[in-house]
Amino acid sequence: MTGLRVLAVDDEQPALEDLAYLLRADPRIGDVLTARDGAAALKLLDRAMADGRPVDAVFLDIRMRGLDGVVLGRLLTRFIRPPKIVFVTAYDDHAVDAFELKAEDYLLKPVRPERLAEAIRRVCGSRTDEVEGPQADMIPVELGGVTRFVASTEVRYVEAQGDYARLHTATGSHLVRIPLATLEERWASEGFLRVHRSHLVAVKHIDELHIDSGKCVVRVGETEIPVSRRHTRELRDLLVRRARRAKRDE
């Protein structure tokens with residue numbers, strides 16, 4: 001894989017220079033373009049596509065004069081081949097925007113080299129995923145005051161908690177301000193199924209299904225999750241088809 005061609009966007013010159021310096025120091029980066037505002041960034045991106053050398057990723061400040069980073073990010077998602085987005089900001093209150101725009105990462109200033117390296121790894125990984133298959137959705141979560149991203153492939157099941165959802169992985173759980181219905185719609189193609197008004201389950205992580213006296217539950221690891229009557233038949237049929245496919249593939 002050739003080095004990434006990236007664009008750094010920040011309306012503060014010192015911050016832009018620092019970010020560009022850190023990007024150029026990473027061996028996975030090829031070219032680093034810079035822009036002081038959203039309008040200049042769009043012009044550079046347009047020129048890059050016209051030259052047949054599109055930008056792979058944009059490292060984007062959020063609060064900028066004129067066209068801010070969130071608005072610019074939305075514009076980028078409308079490109080035929082949108083670049084990956086990594087937000088670089090001094091503010092931690094735009095994580096939901098990052099989720100909605102499917103940003104690869106969300107870095108807080110001052111940017112630490114190890115966190116930037118992780119963001120670049122995510123961009124490189126998603127670039128490979130586009131060739132090999134669909135990429136996982138990334139969810140921003142708060143861990144000790146630092147925003148991290150959890151891949152949808154790591155999530156075993158999701159539990160509704162009011163307007164929030166709790167993501168359960170093999171190593172713990174994370175509370176995010178995303179309605180369960182939003183995740184149900186967004187993750188349907190990734191093998192998640194709504195089994196109850198308060199639970200969404202990754203079908204591949206279901207270990208057992210029990211039906212007793214008309215009541216149905218599934219076991220995911222050590223956790224038993226109720227299945228509502230309206231979802232029982234759909235889930236059972238899905239698991240039977242999955243088992244038959246697995247048997248044929250043996």
Side-chain angles (χ1 to χ4, degrees), residues 1-11 16 19-20 22-64 66-89 94-107 111 115-140 147 149-154 178 182-183 185-192:
M1 182 184 296
T2 58
L4 295 173
R5 193 164 198 240
V6 303
L7 170 62
V9 187
D10 199 310
D11 62 351
L16 182 60
L19 178 57
L22 291 173
L23 287 167
R24 291 188 178 106
D26 193 292
R28 294 165 294 185
I29 301 295
D31 297 329
V32 179
L33 308 177
T34 61
R36 287 285 303 274
D37 56 55
L42 287 174
K43 289 180 181 178
L44 279 172
L45 290 166
D46 182 63
R47 189 181 311 143
M49 286 188 290
D51 292 342
R53 301 180 63 207
V55 167
D56 296 301
V58 178
F59 290 76
L60 181 59
D61 189 19
I62 290 183
R63 296 191 184 179
M64 299 187 294
L67 193 66
D68 73 24
V70 173
V71 175
L72 177 56
R74 292 195 179 106
L75 291 174
L76 297 182
T77 62
R78 299 176 186 174
F79 283 23
I80 295 175
R81 291 184 59 189
K84 305 303 176 186
I85 299 172
V86 175
F87 283 117
V88 184
T89 177
H94 289 279
V96 172
D97 293 316
F99 166 72
E100 292 175 348
L101 293 174
K102 297 186 178 181
E104 296 299 321
D105 213 334
Y106 189 94
L107 308 182
V111 178
R115 279 293 289 123
L116 182 62
E118 171 65 14
I120 295 170
R121 185 194 66 77
R122 291 181 185 277
V123 171
C124 290
S126 65
R127 202 175 169 206
T128 302
D129 289 339
E130 286 182 349
V131 177
E132 297 177 354
Q135 69 181 90
D137 204 359
M138 307 302 291
I139 310 298
T147 301
F149 279 71
V150 172
S152 54
T153 51
E154 299 176 45
I178 304 170
T182 298
L183 293 176
E185 179 180 354
R186 187 156 173 171
W187 289 356
S189 62
E190 296 193 42
F192 282 80

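- Put simply, the side chain of Val6 does not reach to within 4.5 Å of the side chain of Val123, judged on heavy atoms.
- Between the CZ atom of Arg74 and the CG atom of Leu101 there is a distance of 6.0 Å, given to the nearest 0.5 Å.
- Taking both residues in full, the closest heavy atoms of Leu22 and Val111 are given as CD1-O, 4.0 Å, listed atom of the first, atom of the second, then distance.
- Side-chain contact between Ile29 and Arg24: absent, with no pair of heavy atoms (C-beta onward) separated by less than 4.5 Å.
- Taking each heavy atom of Pro54 and Met49 in turn, the nearest pair found is CB-CG, 4.2 Å.
- Closest approach of Val86 to Ala119, counting heavy atoms only: CG1-CB, 4.1 Å.
- In this structure, Phe79 and Leu45 have side chains that are in contact, with non-hydrogen atoms separated by less than 4.5 Å.
- Inter-residue side-chain proximity for Leu72 and Leu76 is flagged as met; some heavy-atom pair is nearer than 4.5 Å.
- Considering only heavy atoms from C-beta on, Tyr106 comes within 4.5 Å of Thr89 through its side chain.
- Taking all atoms of both residues into account, the shortest heavy-atom contact from Ala39 to Leu67 is N-CD2, 4.3 Å.
- Taking CZ of Arg186 as the reference point, atom CZ of Phe192 lies at 12.0 Å (rounded to 0.5 Å).
- Annotation: side chain of Asp37 is not in contact with side chain of Met64 (no heavy-atom distance under 4.5 Å).
- Two residues are said to be in side-chain contact when any heavy atoms from C-beta on lie closer than 4.5 Å; Leu4 and Asp26 fail this criterion.
- Distance OG1/Thr34 to CG/Leu44: 7.5 Å, rounded to 0.5 Å.
- Looking at Arg53 and Asp51, no side-chain N of the basic residue comes within less than 4.0 Å of a carboxylate O on the acidic one, giving no salt bridge.
- Contact record, Pro83 with Val58: CG-CG2, 3.8 Å, taken as the closest heavy-atom pair.
- Between Leu23 and Ile120 there is a side-chain heavy-atom pair separated by less than 4.5 Å.
- The pair Arg121-Glu118 counts as a salt bridge, with a side-chain nitrogen and a carboxylate oxygen less than 4.0 angstrom apart.
- Considering every non-hydrogen atom in both Leu7 and Val55, the closest pair reads N-CG1, 3.8 Å.
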- Message: Would Arg78 and Leu75 count as a side-chain contact (heavy atoms from CB on, under 4.5 Å) here? Give the steps.
- Response: CA-CA 5 Å; Arg78 299 176 186 174; Leu75 291 174; 4.1 Å; yes
- Message: Would Arg36 and Leu16 count as a side-chain contact (heavy atoms from CB on, under 4.5 Å) here? Give the steps.
- Response: CA-CA 8 Å; Arg36 287 285 303 274; Leu16 182 60; 3.7 Å; yes
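- For the atom pair Glu190 CD and Thr153 OG1, the distance stands at 7.5 Å (nearest 0.5 Å).
- Taking CG from Leu19 and CG from Asp61, the interatomic distance works out to 9.5 Å, rounded to the nearest 0.5 Å.
- At least one donor-acceptor pair closer than 3.5 Å links the side chain of Asp56 to the backbone N or O of Arg5.
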